[in-house]
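Structure, as structure tokens:
Residue numbers start at 1 and run along the sequence shown.
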Amino acid sequence: MAVQTPEPTDTDEEELIIRAQRDDAEAFRELFDRFYPMIHAFCYRSCLDQAQAQDLAQETFIKAARSLGMYRGDSTFKAWLYRIAANTTHDWLRQKMRQNRLTEAVAEQWTQDPAVCEPDHSLVTEALRALPDDLRLAIILTYYEGMSHAAAAHVLGCAETTVSWRVFRAKRKLKTLLSRRES
């Protein structure tokens, strides 16, 4: 019979944060272990590249470690990490656009390694890739990460109505893109 470990409580999380703010490396490691899968998944869905997602997730935690002393608990730690990940991802996307290589890098990745995403999801992945960054991030946060529009707005640094509008526009564009590819 397997022994079940209790789910961590908010009190446990708060204690870990306080310990990590006091330079307790083990406490930060526990926070990292607890939140890394979620942040990595968000980064992957944002950039659609496994290696880049690992880099972005690691960069997110480096930034979190450096600014942990500034975390005051105004939002949940999870939302704070999402905000750092969203900013990190946004910075990366902006840099790639400036270099005018984003489209080439994604296309090259897909031609070299088609196993990055399961074939059943390839049409949706391609349609997501075709969306503008702001629309794709709104969809990722609300549908893939399960956030409310208010929580996504906090992560993206915009109004809740802006997230709602981006989701509406993204769904309309996805419907158009997917219907073209199915016919």
Output for pair (Tyr71 OH, Ile18 CD1), nearest 0.5 Å, gives 10.0 Å
Side chains of Val163 and Met147: does their closest heavy-atom pair fall under 4.5 Å? no
CH2 (Trp80) and NE2 (His154) are apart, to the nearest 0.5 Å, by 11.0 Å
Can you tell me how far the CZ atom of Phe32 sits from the CD1 atom of Ile39, to the nearest 0.5 Å? 10.5 Å
Counting heavy atoms not belonging to Arg29, are there more than 12 under 6.0 Å from its CZ? no
Taken to the nearest 0.5 Å, the spacing of Ser164 OG from Arg169 CZ works out to 13.0 Å
Crowded around Asp24 CG? As in, over 12 foreign heavy atoms under 6.0 Å? yes
More than 12 heavy atoms from other groups under 6.0 Å of NZ on Lys173: no
Fit a plane to each ring of Phe28 and Phe61, take the angle between them on a 0 to 90° scale, and name the class: parallel (under 30°), tilted (30 to 60°) or perpendicular (over 60°). perpendicular
Kindly indicate whether the side chain of Thr161, heavy atoms from C-beta on, has any atom under 4.5 Å from the side chain of Trp165. no
Note: Cys158 and Arg166 closest approach over all heavy atoms is SG-NH1, 3.8 Å
Any idea which heavy atoms bring Leu128 and Arg136 closest together, and the distance? O-CD, 3.3 Å
Can you tell which of Thr89, Thr88, Asp91 makes a side chain to side chain contact (heavy atoms under 4.5 Å, CB included) with Glu59? Thr88
In a check of side chain to side chain donor-acceptor pair (under 3.5 Å) between His40 and each of Gln58, Gln54, Arg45, Gln50, which one passes? Gln50
Approximate separation, where rounding is to 0.5 Å, of Ser46 OG and Leu141 CG: 7.0 Å
Sidechain-backbone polar pair: Ser148 side chain, Ala151 backbone, donor-acceptor under 3.5 Å: yes
Using a 3.5 Å distance criterion without hydrogens, assess whether the side chain of Glu145 forms a donor-acceptor pair with backbone atoms of Ile140. no
Just how far is it from atom CG of Leu131 to atom CD of Glu126, taken to the nearest 0.5 Å? 12.5 Å
